[in-house]
Amino acid sequence: MAAVPIQGLTRQDLTQVQKVQIQQGIKEQIPTGFHHHRQALTGTKHVLEDISNHVEPTLYILDRLVSNSKQGGGGNNKIMQQLGTLGGGNHFWKS
């Protein structure tokens, strides 16, 4: 989960119409649920390497990443394609 605060801007500064427009724009651009990017976003491999340097991946995740790269999966790795999405399941949108 990631939240990005915008310093000096609160939800009270926006009208309801503006909030709806922002939310619609995000939903149009960022995959949700079972959807994912067609190709991994630029920098995804670097982000996964950086995360792995701070938190050791589980054997399952490591196996999926390694086996895909050996098969030449590149940017088509499902794990890499899902990075940068809103996902599904137990997630929520706070406005």
Side-chain angles (χ1 to χ4, degrees):
M1 195 289 243
V4 181
I6 301 173
Q7 196 167 24
L9 179 67
T10 66
R11 67 181 176 185
Q12 290 81 13
D13 297 329
L14 302 170
T15 67
Q16 186 61 30
V17 170
Q18 290 171 317
K19 290 181 212 177
V20 169
Q21 289 174 333
I22 291 169
Q23 187 173 12
Q24 287 174 338
I26 290 171
K27 287 182 174 182
E28 289 172 7
Q29 296 296 317
I30 302 174
T32 60
F34 291 107
H35 299 105
H36 53 75
H37 299 286
R38 289 186 196 108
Q39 290 286 328
L41 298 175
T42 303
T44 299
K45 185 176 181 181
H46 173 73
V47 169
L48 286 173
E49 289 170 355
D50 189 44
I51 291 169
S52 297
N53 288 334
H54 294 292
V55 180
E56 190 170 340
T58 64
L59 293 176
Y60 173 78
I61 296 294
L62 191 58
D63 181 58
R64 297 281 305 266
L65 290 171
V66 170
S67 66
N68 186 266
S69 66
K70 285 183 180 177
Q71 295 171 11
N76 293 322
N77 182 313
K78 190 171 181 179
I79 293 170
M80 293 175 70
Q81 290 171 312
Q82 290 176 336
L83 197 64
T85 70
L86 292 175
N90 193 21
H91 292 78
F92 65 94
W93 178 272
K94 184 177 180 181
S95 57

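In this text, all values refer to a predicted model and were calculated from it rather than measured experimentally.
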*Quick check: does any side chain N or O of Asp63 sit under 3.5 Å from a backbone N or O of Tyr60, one acting as donor and the other as acceptor?*
no
_For a quick test of reading the model, state the closest non-hydrogen atom pair linking Arg11 to Lys19 and the distance between them._
O-CE, 3.3 Å
_Hphob cluster co-occupancy, Leu14 + Ile6, side-chain heavy atoms under 4.5 angstrom_ = yes
*asked:* Just verifying a value: how many Å separate Ser52 OG and Ile61 CD1, rounded to the nearest 0.5 Å?
replied: 9.5 Å
*When rounded to the nearest 0.5 angstrom, what distance separates CD in Gln82 from OG1 in Thr44?*
11.5 Å
_CD (Glu56) with more than 12 external heavy atoms under 6.0 Å_ = no
*Taking atom CD1 of Ile51 and atom NE2 of His54, what is their separation to the nearest 0.5 Å?*
9.0 Å
*Distance-minimising heavy-atom pair for His37 and Gly84*: NE2-O, 3.1 Å
*Examine Leu9 and Ile22 and state if one hydrophobic cluster contains both, with Ile, Leu, Val, Met, Phe, Trp and Tyr joined whenever side-chain heavy atoms are less than 4.5 Å apart.*
yes
*Is the count of non-hydrogen atoms from other residues, nucleotides or ligands lying under 6.0 Å from Leu59 atom CG greater than 12?*
no
_Taking atom CD as the centre, does Gln12 end up with more than 12 heavy-atom neighbours from other residues, nucleotides or ligands that are less than 6.0 angstrom away?_
yes
*Side-chain heavy atoms under 4.5 angstrom apart, residues restricted to Ile, Leu, Val, Met, Phe, Trp, Tyr: same cluster for Ile26 and Val20?*
no
*Passes side chain to side chain contact (heavy atoms under 4.5 Å, CB included), Val47 versus Leu41? Steps please.*
CA-CA 10 Å; Val47 169; Leu41 298 175; over 6 Å; no
*asked:* With rounding to the nearest 0.5 angstrom, report the CD to NZ distance, Gln81 to Lys78.
replied: 8.5 Å
*Any chance you could measure Ile30, atom CD1, to His35, atom NE2, to the nearest 0.5 Å?*
14.5 Å
*Which pair of non-hydrogen atoms, one from Pro31 and one from Thr85, has the smallest distance, and what is that distance?*
O-CB, 3.4 Å
*Can you tell me how far CD of Gln23 sits from NZ of Lys27, rounded to the nearest 0.5 angstrom?*
4.5 Å
